[in-house]
Amino acid sequence: MKALFNRLGRLRMLALLLWALPVAALLPLGLFWLWRAEALSWWLLALVLCSGAGYGLQRWLLQRDRQLLVGAATGPDPGWPPKADGAWVAVERLAEEAKPEDWPLDDGGRLWTLGRNALDAVARYYHPKQERPLLELTVPHTLLIIERASRDLRAMITDHLPLSNRLTLGDLARAWGWKDAAERWLNVYRAGRLVINPADALLSEVWGHLRGRAYGAAWTELHRWLLREYVRKVGYYAIELYSGRLTLTGGEPAAVPTPASRRDLKRAADHAAPVGEPLRIVVLGRANAGKSSLINALFGQLTAATDVLPDTTTGLTPYRLEHEGLTAALIFDTPGCDTERLGNKALKKIVLDADLLLWVCAAHRPDRRAEREILDAVRGWRAERLERRPPPLLVAVSHIDQLRPPREWQPPYDLRDPQSGKATNIRAAVATVAADLAIPVVAVIPVCLAEGRIYNVDDVLWVAILEHQDEADKVRFLRCLEERKRAENWTLLRRQLANAGRWLLG
Ligand SMILES: Nc1nc2c(ncn2[C@@H]2O[C@H](COP(=O)(O)OP(=O)(O)O)[C@@H](O)[C@H]2O)c(=O)[nH]1
Ligand SMILES: [Mg+2]
């Protein structure tokens with residue numbers, strides 16, 4: 001205060017005071033007038049009410065902003081393979097631990113460390129044996145993660161924070177830095193005011209205190225949100241990268257068929273224009289269960305699933321399957337998995353290359369022990385590959401027309417409320433198959449596949465297949481990624497070598 005006084009000079013200070021005095025006098029004069037008019041108590045009441053309402057409104061706005069921030073949290077991607085679950089847990093833990101007091105926003109170096117910690121948590125999860133797993137990341141990949149995370153964070157901030165398009169992080173930090181200086185000046189002002197008007201000063205003191213606290217809380221909240229989102233975003237893209245979904249060359253991995261599918265499409269006599277990678281649906285089951293009949297029934301007409309010779313090496317016979325609402329698909333007929341024509345090794349390869357499995361089980365053949373053993377092995381193979389999603393599995397129970405009484409066949413049958421002996425037996429068969437094969441009842445569909453007696457295929461089985469298409473698409477995506485990454489490594493290496501050559505020769 002003294003310094004200011006000296007700097008401005010006495011006379012200048014006097015001029016300033018004279019200039020400000022009439023305005024400053026308005027407050028005490030007004031209060032005096034209110035007192036004279038006996039309206040001071042009303043004015044005080046209005047002051048209390050207005051302050052209260054203003055405070056309430058501000059609280060509400062604050063809460064609304066907080067809600068906005070809560071809604072704006074990055075979550076794991078539903079298309080990730082099971083292996084990513086653990087990595088996401090690590091990222092979430094790190095995000096929860098990020099405290100505003102540990103990570104000031106005006107220190108770029110600290111923020112970089114926080115981002116690196118997130119990368120490190122994911123890298124450590126995918127390479128637990130490496131001493132410094134972060135070194136496993138190539139430079140272009142690290143840059144790609146940071147670029148994606150920043151781009152997303154920018155979009156989120158623009159969408160969720162009011163005025164953020166005009167605010168920089170520096171602004172926020174600076175505003176906070178000024179707070180101390182401002183507070184010092186405010187204290188001088190407060191003390192002076194207390195002398196002039198004790199009642200008003202007291203109220204505004206309380207109000208100011210509350211407001212100060214509210215703003216302080218909002219700022220801390222915002223800071224914490226930014227830190228958490230930053231960690232989550234970096235973690236998210238690191239997982240995308242490690243599960244192979246983030247590729248350097250970009251593009252949709254399922255846009256072109258894999259070499260295996262290209263071969264199968266040719267064998268399925270599909271001469272149409274080249275499509276993307278087809279969905280691979282595989283029909284499995286014992287010999288004579290009705291696998292070929294099921295494929296015929298799915299086609300809706302008899303396309304003779306037997307007139308194409310099976311591949312002698314894989315035992316698979318591909319058909320091009322088309323249906324309204326289904327993406328391009330190949331359906332594969334297989335020899336009975338209980339026969340010698342389909343060895344364990346071949347079966348495993350078939351299962352790992354499938355996006356959707358249809359298991360056909362005959363209702364009138366009660367011994368399902370062998371079938372259960374094979375199915376358990378299939379489930380084991382599916383679960384082994386954590387970096388891939390397991391293909392969904394549907395069971396079609398065939399030969400339901402041969403259940404007792406065998407002569408009776410008068411569909412449709414209401415299985416929820418069976419009215420006849422046949423309906424009751426079909427329902428019981430579904431429950432038994434579900435228990436024998438350890439499959440949820442909802443995934444078990446009774447069908448009749450005998451020529452001229454096709455039942456439950458068009459409506460129920462097709463609906464179930466279409467319902468599982470989304471999941472099957474995700475399986476297909478990850479399956480294509482592996483293929484794609486293999487191809488990418490070669491393409492990049494070739495390009496880098498060519499560039500290096502040009503540089504050396506140039
Ligand atoms: N009655 C009846 N016969 C069926 C049914 N499904 C298949 N079949 C017959 O069972 C036999 C074996 O069927 P197929 O589709 O060749 O079995 P796959 O060896 O599993 O391919 C054929 O004679 C079919 O007509 C069904 O639901 N009911
Ligand atoms: Mg067959």
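Remember, it's 1-based here, ligands and their atoms both numbered in the order they're listed.
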Any N/O pair [X]/ligand 1 closer than 3.5 Å:
X: S398; value: no
X: D333; value: no
X: A289; value: yes
X: L449; value: yes

Using a cut-off of strictly less than 2.8 Å, determine whether S292 has an N/O/S atom near the Mg ion (ligand 2).
yes
At a 4.0 Å threshold, what atoms of ligand 1 neighbour a non-hydrogen atom of [X]?
X: G290; answer: 7 (C), 13 (O), 14 (P), 15 (O), 17 (O), 18 (P), 20 (O)
X: A450; answer: 1 (N), 2 (C), 3 (N), 5 (C), 26 (C), 27 (O), 28 (N)
X: R286; answer: 20 (O)
X: C448; answer: 27 (O)

Search all heavy atoms of V447 against all heavy atoms of I400 and return the closest pair with its distance.
O-CG1, 3.3 Å
Are [X] and [Y] close enough for a salt bridge, meaning some N to O gap below 4.0 Å?
X: R379; Y: D376; result: yes
X: R479; Y: E277; result: yes
X: D436; Y: R368; result: yes
X: R232; Y: E229; result: yes

Tell me whether R372 at atom CZ has more than 12 heavy atoms from other residues, nucleotides or ligands lying less than 6.0 Å away.
yes
Does a sphere of radius 6.0 Å around CD in E101 hold more than 12 heavy atoms from other residues, nucleotides or ligands, not counting ones at 6.0 Å or beyond?
yes
Counting only heavy atoms closer than 4.0 Å, does ligand 1 sit against the backbone of N288, its side chain, both, or neither?
both
Out of the candidates L375, L358, L284, only one should pair with L393 under the side chain to side chain contact (heavy atoms under 4.5 Å, CB included) rule; please name it.
L375
Can you figure out which of S292, A396, G336, A363 has its heavy atom closest to atom 16 (O) of ligand 1?
S292
Is ligand 1 less than 4.0 angstrom away from at least one heavy atom of V360?
no
